[in-house]
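For the numbers below, each heavy atom of this structure counts, side chains included, while hydrogens, waters and symmetry mates do not. Here the structure is a predicted model, which means the values were calculated and not measured.
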Amino acid sequence: MAEKETPKATEYVELKHEFFDRFKDKDVSFKFHFKRPSTPQVNRVQKTVLKNAGQAFRNLIVETIQPEEKDRLKTALDEYSGLASTFGGALMGSCGFGDLGN
């Protein structure tokens with residue numbers, strides 16, 4: 001079995017999030033492609049996340065999404081603002097950040 005190669009910083013990987021929208025009584029699924037955040041982008045999130053976590057993650061995912069998906073992402077964020085922290089948190093997790101709080 002061949003090992004999967006680590007994507008390069010300029011390559012996009014798929015992130016998918018599915019949940020049940022209780023207010024619309026339907027399952028919702030979003031799938032977008034993001035590239036790995038650069039060190040300056042990660043540093044910017046770290047500096048701004050305590051002031052406004054939603055905006056910090058929104059900026060990160062808008063900067064790292066595949067360009068042709070950007071409009072669709074912005075429309076999705078208008079309806080489901082929590083997607084910013086979901087996808088932003090996943091990107092930060094890919095950079096080594098965890099949920100340990102330290």
- prompt: Rounded to the nearest 0.5 Å, how far does OG of Ser85 lie from CZ of Arg58?
  reply: 12.0 Å

Identify each donor-acceptor pair in which a side-chain atom of residues 48-55 lies under 3.5 Å from a protein atom, sequence neighbours left out, and give them as a table.
{"unit_1": "Thr48", "atom_1": "OG1", "unit_2": "Arg44", "atom_2": "O", "d": "2.9"}
{"unit_1": "Asn52", "atom_1": "OD1", "unit_2": "Gly54", "atom_2": "N", "d": "3.4"}
{"unit_1": "Asn52", "atom_1": "OD1", "unit_2": "Gln55", "atom_2": "N", "d": "3.1"}
{"unit_1": "Gln55", "atom_1": "NE2", "unit_2": "Asn59", "atom_2": "OD1", "d": "2.8"}

- prompt: Judged by atom type as modelled, is there a donor-acceptor pair below 3.5 Å linking the side chain of Arg36 to the main-chain atoms of Ser94?
  reply: yes

query: Do Leu60 and Val42 come within less than 4.5 Å of each other through their side chains, counting heavy atoms only?
result: no

- line: OH of Tyr80 to CG of Leu83, rounded to nearest 0.5 Å, is 8.5 Å

ILVMFWY network linking Leu91 to Phe97, side-chain heavy atoms under 4.5 angstrom: yes

query: Does a side-chain heavy-atom distance below 4.5 Å link Thr86 with Phe57?
result: no

query: So do Glu18 and Asp27 actually touch side chain to side chain, heavy atoms under 4.5 Å?
result: no

- line: To the nearest 0.5 Å, atom CD1 of Ile61 lies from atom CE of Met92 at 13.0 Å

Sequence-distant partners of Glu14, salt bridge (charged side-chain N to carboxylate O under 4.0 Å, His left out), two or more places apart: none

- request: Among Lys74, Lys31, His33, find the residue that satisfies the side-chain hydrogen bond (donor to acceptor under 3.5 Å, both in side chains) test when tested with Glu69.
  value: His33

message: So, taking the atom named CZ in Arg72 and the one named CD in Gln66, what distance separates them when rounded to the nearest 0.5 Å?
response: 9.5 Å

message: Go through it in stages, so that I can follow the logic: the residues are His17 and Ser29, the test is side-chain contact (heavy atoms from CB on, under 4.5 Å), and I'd like the CA-CA distance, side-chain angles, deciding distance and then a yes or no.
response: CA-CA 6 Å; His17 180 55; Ser29 177; over 6 Å; no

- prompt: Passes side-chain contact (heavy atoms from CB on, under 4.5 Å), Tyr12 versus Ile65? Steps please.
  reply: CA-CA 8 Å; Tyr12 293 90; Ile65 193 164; over 6 Å; no

task: Assert yes or no for the condition that the ring centre distance of Phe32 to Phe87 is strictly below 6.0 Å.
output: yes

query: Can you check whether Ser38's main-chain N or O pairs, donor with acceptor, with Gln41's side chain at less than 3.5 Å?
result: yes

